[in-house]
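This report refers to the structure that appears directly beneath it.
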Amino acid sequence: MAGVWVFKNGVVRLVENPGDEQASTVRRKALLHTPTNEVITTYARLQRELLGLGWERYFEDPDLLQFHKRSSIDLISLPKDFTRFKSIHMYDIVVKNRNSFKVIDL
């Protein structure tokens, strides 16, 4: 997967081959909360959904947003700046919350 990550209007998206003028479509990725069918556009929204699923926020590292679930060994670590929230972070959330989130192309 090659390209440039762009944060615009609260959504992180991947612009593949930004210099390729023949590319007619641009694929953007977003994290979708499946029960409400809403795209996650802020960490506040994501945190609210994760807390509702039983995740607890850790405050040990000031450069990261971290969530832990007591019933598992799973840890979700995200960059503090939402503009650095990438598809790898989205997929990490999906793997640990399969029934609640999915990554979509916009």
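Numbers here simply count residues along the sequence, with the first being 1. Keep in mind it's a predicted model, so treat the numbers as computed, not measured.
Between P35 and S100 the shortest heavy-atom distance is CD-O, 3.4 Å. Contact between P79 and Y43 at its shortest, heavy atoms only, is O-OH, 2.7 Å. Pairing each heavy atom of D81 with each of T83, the nearest pair is OD2-OG1, 2.7 Å. Between Q47 and F67, the closest heavy-atom pair is CG-CE2, 3.7 Å. Residues H68 and L75 approach most closely at CB-CD1, 4.2 Å, considering heavy atoms. The minimum heavy-atom distance between D92 and K96, with the atom names listed, is OD1-NZ, 2.8 Å.
L51 contributes atom CG, which lies 9.0 Å from atom CD of E56 (distance to the nearest 0.5 angstrom). In this structure, M90 CE and L32 CG are separated by 11.0 Å, a value rounded to the nearest 0.5 Å.
A heavy-atom distance below 4.5 Å is not found between the side chains of R28 and L14. Under the 4.5 Å side-chain criterion, counting only non-hydrogen atoms from C-beta, V39 is in contact with I104. Residues I93 and V103 have side chains not in contact (no heavy-atom distance under 4.5 Å, counting atoms from C-beta outward). Using a 4.5 Å heavy-atom threshold, the side chains of H33 and R45 count as touching. With a 4.5 Å cut-off on side-chain heavy atoms, L64 and Y58 do not count as touching. Between R13 and V6, some side-chain heavy-atom pair lies under the 4.5 Å cut-off.
Atom CG of N99 is surrounded by 12 or fewer heavy atoms from other residues, nucleotides or ligands within 6.0 Å. Other residues, nucleotides and ligands place no more than 12 heavy atoms under 6.0 Å from the NZ atom of K86. Heavy atoms of other residues, nucleotides or ligands lying less than 6.0 angstrom from NZ of K69 number more than 12. The number of heavy atoms from other shown groups lying within 6.0 Å of CZ (R57) is above 12.
Grouping the Ile, Leu, Val, Met, Phe, Trp and Tyr side chains by contacts below 4.5 angstrom, directly or via other members, places L50 apart from V95.
Among residues two or more places apart in sequence or in another chain, the side-chain hydrogen bond (donor to acceptor under 3.5 Å, both in side chains) test is passed with S77 by Q66.
For the side chain to side chain contact (heavy atoms under 4.5 Å, CB included) criterion with F82, the lone passing option out of L46, V12, L65 is V12.
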